[in-house]
Participant: 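Take this structure, written in structure tokens, and hold onto it; I'll ask about it next.
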Amino acid sequence: MTDNAAPSAGPLVTGSEIARLAGVTRAAVSNWRRRYDDFPAPTGGSANSPLFDLAEVQAWLDRQRKGQDLSEEVRLWQMLRGAYGDDMVAALADVATVLADARAKRPAALPEDAAGLARRLADSGSPGEVADALAERFTDSVRRAGSDQVSSPRIVRAVRHLSGQVADDAVVFDPACGIGTLLLSVGPERGPRRFGQEADARSARFAQLRADLAGRSGVEIVAGDSLRDDRWADLGADLVVCDPPVGDTDWGREELLLDSRWELGTPSRAEGELAWLQHAYAHTVPGGRMLMVMPASVAYRKAGRRIRAELVRRGILTQVTALPPGTAASHALPVHLWQLRRPHSPGDAATSVRMVDLTGNDPDGPLDARPDQAADVSLIELLDDVVDLTPGRYVEESHRDYPAEYRQLRRELAEHVRVLAELLPALTAGERHGAADGPSVSVADLARAGLVEYGEAEPVSVSDQLDTDFLRGFLRSAANTRRSTSASGTFRLDGKGARVPQMDIAEQRRYGAAFRALEEFEERAGKIAELSREATELARDGLANGALEPNS
């Protein structure tokens with residue numbers, strides 16, 4: 001088999017579509033590509049997302065009679081679902097147990113025919129392939145159920161990508177490893193020693209058996225609560241990866257108040273994720289790295305501010321990546337990947353944090369940030385009263401075009417100021433006993449006469465005998481403001497106790513025009529005040545960060 005793409009004129013399909021076509025998992029298709037030299041070569045796509053000719057794939061499936069694989073895989077899953085119900089982790093562990101040792105006593109809950117079918121599938125492929133296929137089906141079923149019980153394939157892909165090069169002799173640790181997917185995915189398949197711990201004993205057992213069945217040496221996974229009962233207390237790791245439980249307030253704070261792991265600060269009950277982070281950091285050797293999957297809210301929640309500040313101040317945090325919505329299994333909210341490194345010494349600490357915002361990307365798209373999606377932020381800039389580590393806040397700011405924005409604001413201000421002087425109406429001395437003290441009528445009487453209606457915001461004229469601008473202008477007069485203000489100080493413009501002068505329509509319109517000009521003047525003045533504030537803040541920031549400089 002070769003991966004060199006050959007041109008094709010027929011329809012093309014992805015590996016996932018082949019899996020659906022054959023009724024197997026994506027892992028099974030990957031195994032076919034490795035095991036069978038005659039599997040169709042890619043005819044398009046890329047190395048990471050190859051495309052295959054549909055007709056060639058169908059012909060190959062017919063020759064290999066892979067339709068039988070479909071019925072057996074699906075039948076095994078259905079048997080397990082029928083026997084175990086929602087406790088599918090136990091089902092996976094029991095199947096892995098009988099595959100690992102043919103002489104082992106069959107677990108009581110595992111039906112005899114399911115055990116036999118699992119062995120037949122293993123004989124036609126390998127025990128490791130059966131375990132991986134079951135793990136993939138389980139992950140997919142959990143994802144569709146809307147649960148964070150396991151790390152989603154997109155989370156695994158992102159962690160694997162951002163972990164970069166992992167040395168063959170590295171020690172890798174996952175303190176909340178679940179069924180082992182994340183722990184077994186990072187770094188080269190052979191070489192690194194891998195250690196994991198998982199609170200759910202069945203998940204831990206399946207994760208260990210999964211590694212054993214695949215022939216992965218140097219993997220040790222134990223059961224236990226990592227925070228309350230650290231089974232790897234003396235372990236130092238070169239790389240720690242962790243997708244910790246989310247929103248868990250019962251993580252043991254009261255029992256662990258004096259624990260030595262809280263060197264950055266004791267987490268609150270609501271900040272269980274920061275307890276897991278410090279547990280992982282305690283297992284990281286000098287120069288070692290960590291990748292933590294975090295809910296976006298951990299970046300800004302008030303309760304975690306002190307710990308975030310210590311991470312930044314000590315130069316431990318090196319990068320925060322906001323992943324696209326849809327990356328997590330159970331919701332569409334963005335999640336963050338925090339990358340940390342334990343310095344060898346104070347001089348080895350990070351001097352800035354790289355902020356990467358991929359929230360505008362497709363969740364299955366590229367994970368390498370474009371220049372406009374990343375910014376290196378100095379530590380002092382992060383250490384404000386909030387210590388907000390949300391990447392979007394800094395990425396957008398770092399790519400602002402200060403000169404262009406400042407020029408535009410100055411042009412807008414100049415135009416508004418020019419128009420402002422023209423809007424202020426020319427007024428002359430009036431007769432002191434004219435509009436103010438002459439005959440008047442209440443708004444309530446105007447409403448009863450059908451001349452006024454009350455809209456959502458202000459009363460309006462519905463008659464050609466009454467000018468709306470005239471009406472509203474007098475309603476805002478000092479005398480009517482007093483009448484329309486309640487004892488609690490609340491002003492109501494539509495107060496029915498307000499009164500307006502009695503004038504003919506021509507005179508009303510003359511006053512209405514003046515009131516309308518004043519309203520426009522007031523609105524324009526408010527806009528000028530807003531633009532002035534924006535221009536001042538922009539100019540001050542631009543001068544301080546070097547994006548702007550004085551003209552002379």
Side-chain angles (χ1 to χ4, degrees), residues 392-393 396 404-540:
R393 174 180 177 184
E396 181 180 356
E405 284 192 45
Y406 190 62
R407 286 194 298 271
Q408 178 63 26
L409 280 172
R410 291 194 77 217
R411 281 196 295 267
E412 287 188 45
L413 267 172
E415 177 60 18
H416 280 292
V417 170
R418 182 190 66 78
V419 175
L420 186 68
E422 299 175 359
L423 285 176
L424 194 61
L427 304 175
T428 60
E431 299 177 10
R432 297 193 59 84
H433 301 289
D437 299 323
S440 63
V441 61
S442 72
V443 174
D445 288 339
L446 292 172
R448 281 192 290 271
L451 303 181
V452 169
E453 285 186 356
Y454 290 89
E456 292 184 3
E458 301 180 2
V460 295
S461 167
V462 291
S463 168
D464 56 7
Q465 301 176 48
L466 181 65
D467 182 81
T468 293
D469 293 315
F470 161 84
L471 171 66
R472 291 178 174 174
F474 275 101
L475 284 176
R476 289 189 172 94
S477 68
N480 279 325
T481 298
R482 287 191 295 271
R483 292 190 185 100
S484 302
T485 301
S486 67
S488 63
T490 303
F491 174 69
R492 291 178 54 83
L493 183 60
D494 62 346
K496 294 181 174 62
R499 304 186 69 83
V500 297
Q502 291 180 341
M503 296 183 184
D504 60 45
I505 189 61
E507 193 70 358
Q508 287 181 35
R509 288 171 180 160
R510 194 165 71 92
Y511 273 84
F515 283 130
R516 185 168 58 251
L518 287 173
E519 187 171 352
E520 292 178 12
F521 178 86
E522 187 177 38
E523 290 176 358
R524 183 79 61 161
K527 182 64 176 176
I528 289 173
E530 181 183 342
L531 288 173
S532 299
R533 180 187 54 78
E534 291 180 18
T536 301
E537 290 179 358
L538 181 71
R540 185 179 289 118

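The shown structure was predicted, so the numbers you read here are calculated from the model rather than taken from an experiment.
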Participant: Write down the atom of Gly512, the atom of Asp467, and the distance for their closest heavy-atom approach.
Facilitator: CA-OD2, 3.7 Å
Participant: Only one of Glu415, Glu412, Arg410 passes side chain to side chain contact (heavy atoms under 4.5 Å, CB included) with Leu531; say which it is.
Facilitator: Glu412
Participant: If you round to the nearest 0.5 Å, how far is CG of Asp469 from CD of Glu519?
Facilitator: 7.0 Å
Participant: Hey, could you give me the CD/CG distance between Glu523 and Leu518, rounded to the nearest 0.5 Å?
Facilitator: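 Interatomic distance, Glu523 CD to Leu518 CG, rounded to 0.5 Å: 11.5 Å.
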Participant: Using the side chain to side chain contact (heavy atoms under 4.5 Å, CB included) rule, take Val452 and Val462 through it: C-alpha gap first, then chi angles, then the decisive distance, then the call.
Facilitator: CA-CA 6 Å; Val452 169; Val462 291; 5.9 Å; no
Participant: Could you report the tightest heavy-atom contact between Leu427 and Ala514, atom names first, then the distance?
Facilitator: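 Smallest heavy-atom distance, with atoms named: CD2-CB, 4.4 Å.
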Participant: Going through the distances and angles, do Arg540 and Glu537 end up as a salt bridge (Lys or Arg N to Asp or Glu O under 4.0 Å)?
Facilitator: CA-CA 5 Å; Arg540 185 179 289 118; Glu537 290 179 358; over 6 Å; no
Participant: Rounded to the nearest 0.5 Å, what separation is found between the CD atom of Glu507 and the CD atom of Gln502?
Facilitator: 13.5 Å
Participant: Counting N and O atoms only, with roles assigned by atom type, does the side chain of Gln508 sit under 3.5 Å from a partner on the main chain of Phe470, one being a donor and the other an acceptor?
Facilitator: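 Not a single qualifying donor-acceptor pair exists.
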Participant: Okay, side chain of Ser461, backbone of Leu466: is any donor-acceptor separation there less than 3.5 Å?
Facilitator: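 Confirmed, Ser461 side chain pairs with Leu466 backbone.
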Participant: Other residues, nucleotides and ligands only: do more than 12 of their heavy atoms fall within 6.0 Å of CD on Gln408?
Facilitator: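 It does: Gln408 CD has more than 12 such atoms within range.
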Participant: Nearest 0.5 Å please: distance from the CZ atom of Arg510 over to the CD1 atom of Ile505.
Facilitator: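 Nearest 0.5 Å value for the CZ-CD1 distance: 13.5 Å.
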Participant: When rounded to the nearest 0.5 angstrom, what is the spacing between NZ in Lys527 and CG in Leu420?
Facilitator: 14.0 Å
Participant: Using only atom types and a distance under 3.5 Å, with no angle test, would you say the side chain of Glu453 pairs donor to acceptor with the backbone of Val460?
Facilitator: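 Not confirmed, Glu453 side chain does not pair with Val460 backbone.
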Participant: Nearest 0.5 Å please: distance from the CG atom of Leu413 over to the CD atom of Glu530.
Facilitator: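 Interatomic distance, Leu413 CG to Glu530 CD, rounded to 0.5 Å: 10.5 Å.
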Participant: Has Arg499 got a side-chain atom pairing as donor or acceptor with Ser440's backbone, closer than 3.5 angstrom?
Facilitator: yes
Participant: Should the ring pair Tyr511 and Phe474 be called parallel, tilted or perpendicular, given that the plane angle runs from 0 to 90° and is split at 30 and 60?
Facilitator: tilted
